[in-house]
2 protein chains.
Amino acid sequence: MLNERTGVPPHDCEECPIRHRAVCARCESDELEQLDGIKYYRKYEAGQTVIWSGDRMDFVGSVVSGIASLTQTMEDGRTQMVGLLLPSDFVGRPGRATAAYDVVATTDIVMCCFRKAPFEEMMVRTPHIAQRLLEMTLDELDAAREWMLVLGRKTAREKIASLLSIIARRDASVNARPDKSEIVFDLPLTREAMADYLGLTLETVSRQISALRKDGVIALEGKRHVTVPDMTRLLEEAGDDADGGVFA
Amino acid sequence: MLNERTGVPPHDCEECPIRHRAVCARCESDELEQLDGIKYYRKYEAGQTVIWSGDRMDFVGSVVSGIASLTQTMEDGRTQMVGLLLPSDFVGRPGRATAAYDVVATTDIVMCCFRKAPFEEMMVRTPHIAQRLLEMTLDELDAAREWMLVLGRKTAREKIASLLSIIARRDASVNARPDKSEIVFDLPLTREAMADYLGLTLETVSRQISALRKDGVIALEGKRHVTVPDMTRLLEEAGDDADGGVFA
DNA sequence: CCGCGACCTTGACCCAGATCAAGAGAACTT
DNA sequence: AAGTTCTCTTGATCTGGGTCAAGGTCGCGG
């Protein structure tokens, strides 16, 4: 659902009917057009749970605005975020009846949903869509495996730098500023959410962010507004060589 | 590529043309039949690298026998295994020109390969196959995310128990012994490979295996032959409730 | 039979990150 | 404006697992 590796921008609507109406005003006619009546928008507030793991899931859809997360929880309360859902990311799995993870709105979000049965019918009629879904799922798989390296082998500092890189990159693809080399964005996650994503505690997240600030790798205004003066430096800190890794 | 979550046995050939000739002698006529000439078998010895990350990859295929692994490596040598390829698991990604990870033969392996271009042509002609591939990719994605929880939040002991559970389960689905409740199998991985999969060092792996043996959770004969007297106990040690988690 | 190399085990010590604890901002209610 | 709550920071201390080091076991080739 997240698409860090390829970083496909959200507006490639011609070849991406799924993302169509959810994010792109340009597209006016499409297969999905015929689906009106089975398509609906839905809003959730920050902190609300969209679906609980194990629940019946009778829709698929994509995030229009805001950020949601996929989370797994153990009985004793330990939690691990397994995916970030940014605008244009797809939610739900054709052919599966129930949700495998909790989906939680991290900020206020709007989702564009399709009832699952008709969507699946359309998938069978329209091979194009199945192909596109396969493509997207492979992207998600790459992102998940990239993240396994982060979780298994990187230090806390590298983990933070990796996360900031990904967010910076996603943000940059939306708000391109070709004139200036520095990248500015707002962190869409609390320290706790970052910790859940990185397999750390929130205290460690806080300390490492402070350390990166102290070392001039990033600058902070308030708690959430981040400036990255030198992206190459941040990538080095993430343990990726500048042109490989997450940005390949 | 690995399929821990659903644990689909390797012989569902009627609905799984991809696995067809690679693993199942029953299937005699199929789309893939027509592909002879573009299909070939290949052997690798334990330790050999099948493909290097970044290399051009002009085939797809599946593992017939033996075990291979998908591995990522950082410049400084830290490595993380991101997938285990057991017999019947699929390798390669339609639509991608290069390999994203190193594929290494962990034991001697035989692979059944198809040249990629004709395979992709067939995929377009045969929607059935695209659907099946999507299904398999979703399974892999689930397995990868399951593993993110293991890497991010579990203790060393839980990690070992999780890995043993997965191997026991895969093995059990092949060599079902309905008469006895205890499960017996040979570890197909060195301590170092286990460490790379679990995000640990080989010393910690060794210590935790010793601890599980001392506590009667498993029994060892030699270094590789494992007996699990009580699977429920092992699952508890893995931090999964007995009927949830990896075995869901 | 011996020596060698691959694999594994165990011990001693150390450190990155967890845990526990205290408090500071900032955005709300009332 | 004062309280409340949510979020974040920072300090002090503890510990799980990493690191370094020293064998042990087994299979293989000479």
Side-chain angles (χ1 to χ4, degrees), chain A residues 45-48 74 76-80 105-108 150-164 186-215 218-226 237 239, chain B residues 45-48 74 76-80 105-108 150-164 186-215 218-226 237 239:
Chain A
E45 289 174 17
Q48 261 191 300
M74 295 173 66
D76 61 7
R78 282 176 280 176
T79 71
Q80 175 65 52
T106 295
T107 63
D108 291 356
V150 173
L151 291 173
R153 293 300 184 195
K154 290 195 177 178
T155 64
R157 174 183 262 243
E158 289 169 336
K159 285 178 175 182
I160 298 288
S162 297
L163 180 55
L164 293 178
D186 283 301
L187 273 177
L189 302 173
T190 65
R191 301 293 187 260
E192 188 182 22
M194 295 175 71
D196 282 344
Y197 200 24
L198 295 166
L200 298 170
T201 59
L202 69 91
E203 293 95 329
T204 299
V205 170
S206 181
R207 272 188 255 272
Q208 295 298 335
I209 288 180
S210 297
L212 288 174
R213 177 164 44 77
K214 204 164 298 171
D215 298 347
I218 58 172
L220 276 182
E221 251 171 277
K223 290 149 192 303
R224 300 288 193 93
H225 194 72
V226 179
E237 291 285 353
Chain B
E45 290 174 16
Q48 263 190 299
M74 296 172 67
D76 61 7
R78 281 177 282 176
T79 70
Q80 175 66 51
T106 296
T107 63
D108 292 356
V150 172
L151 291 173
R153 293 299 184 193
K154 290 194 177 178
T155 65
R157 173 182 263 243
E158 289 169 335
K159 285 179 176 182
I160 299 288
S162 298
L163 180 55
L164 293 177
D186 284 300
L187 274 177
L189 301 173
T190 65
R191 301 291 188 262
E192 189 183 20
M194 294 175 71
D196 282 344
Y197 199 24
L198 295 166
L200 298 170
T201 60
L202 68 92
E203 293 96 328
T204 298
V205 170
S206 182
R207 272 188 255 271
Q208 295 298 335
I209 288 180
S210 298
L212 288 175
R213 176 164 45 75
K214 204 165 297 171
D215 297 347
I218 58 172
L220 275 181
E221 249 170 279
K223 290 150 194 303
R224 300 289 193 93
H225 193 74
V226 179
E237 291 285 354

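Protein chains get the first letters and strands the later ones, always in sequence-line order, with residue 1 at the start of each. Remember, it's a predicted structure, so these values are computed and weren't measured experimentally. Only heavy atoms go into these numbers, but all of them, side chains included; no hydrogens, no water, no symmetry mates.
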A.B. asks: Please state how far atom CZ in B:Arg224 lies from atom C1' in C:dT9, giving the value in whole angstrom units.
C.D. replies: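 These atoms are roughly 14 Å apart.
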A.B. asks: Could you check how far CG of A:Leu202 sits from C1' of C:dA21, rounded to whole Å?
C.D. replies: 13 Å
A.B. asks: To the nearest Å, give me how far apart CG (A:Leu198) and P (C:dA18) are.
C.D. replies: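 One finds 10 Å between P of C:dA18 and CG of A:Leu198, rounded.
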A.B. asks: Using a 4.0 Å heavy-atom cut-off across all strands, classify A:Thr190 as base, sugar-phosphate, or nothing.
C.D. replies: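 Sugar-phosphate only.
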A.B. asks: Please indicate whether A:Glu203 has more than 12 foreign heavy atoms, meaning atoms of other residues, nucleotides or ligands, lying under 6.0 Å from its CD.
C.D. replies: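 Enclosed.
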A.B. asks: Which heavy atom of A:Ala105 sits nearest to which heavy atom of A:Glu45, and what is that distance?
C.D. replies: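 That closest heavy-atom pairing would be CB-O, 3.5 Å.
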A.B. asks: Taking atom CG of B:Leu200 and atom CZ of B:Arg157, what is their separation to the nearest 0.5 Å?
C.D. replies: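 Separation between the atoms: 13.5 Å.
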A.B. asks: Testing the basics here: between B:Val150 and B:Lys159, what is the closest heavy-atom pair and its distance to 0.1 Å?
C.D. replies: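 Taking B:Val150 first and B:Lys159 second, the nearest heavy atoms are O-CE, 3.3 Å.
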A.B. asks: I want to check something: taking the side chain as every heavy atom from C-beta on, are B:Leu187 and B:Met194 in contact at a cut-off of under 4.5 Å?
C.D. replies: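 B:Leu187 reaches B:Met194 side chain to side chain.
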A.B. asks: Tell me, do A:Arg153 and A:Glu158 make a side-chain contact under 4.5 Å, heavy atoms counted?
C.D. replies: no
A.B. asks: Rounded to whole angstrom units, what separation is found between the CD1 atom of A:Ile160 and the P atom of D:dC8?
C.D. replies: 12 Å
A.B. asks: Mind checking the CZ-NZ spacing from A:Arg207 to A:Lys214? Nearest 0.5 Å is all I need.
C.D. replies: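 Spacing of CZ (A:Arg207) from NZ (A:Lys214) equals 11.0 Å.
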A.B. asks: Could you tell me how far apart A:Met194 (CE) and D:dT7 (C1') are, to the nearest whole angstrom?
C.D. replies: 13 Å
A.B. asks: Nearest-Å distance, CG (B:Leu187) to C1' (C:dC7)?
C.D. replies: 13 Å
A.B. asks: Could you state the atom-to-atom distance from CG of B:Leu212 to P of C:dT9 in whole Å?
C.D. replies: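 It is 12 Å, rounded to the nearest whole Å.
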A.B. asks: I need a per-nucleotide contact map over nucleotides 11-20 of chain D, read 5' to 3'. Cutoff is protein heavy atoms under 4.0 Å; write B for the base, S for backbone only, - otherwise.
C.D. replies: BB----SSBB
A.B. asks: For residues B:Asp196 and B:Gln80, report the shortest heavy-atom separation together with the two atoms involved.
C.D. replies: O-NE2, 3.0 Å
A.B. asks: Between C1' on C:dA18 and CZ on A:Arg191, what's the gap in Å once rounded to a whole number?
C.D. replies: 18 Å
A.B. asks: For B:Thr155 and A:Arg78, work out which heavy atoms get closest and say how close.
C.D. replies: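 It is N-NH1, 4.1 Å.
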A.B. asks: What N/O pairs connect the protein and nucleotides 26-28 of chain D at under 3.5 Å? Give each pair on its own line.
C.D. replies:
none

A.B. asks: Can you tell me if B:Ser206 touches the phosphate of C:dT10, counting only side-chain N or O atoms and a distance under 4.0 Å to OP1 or OP2?
C.D. replies: no
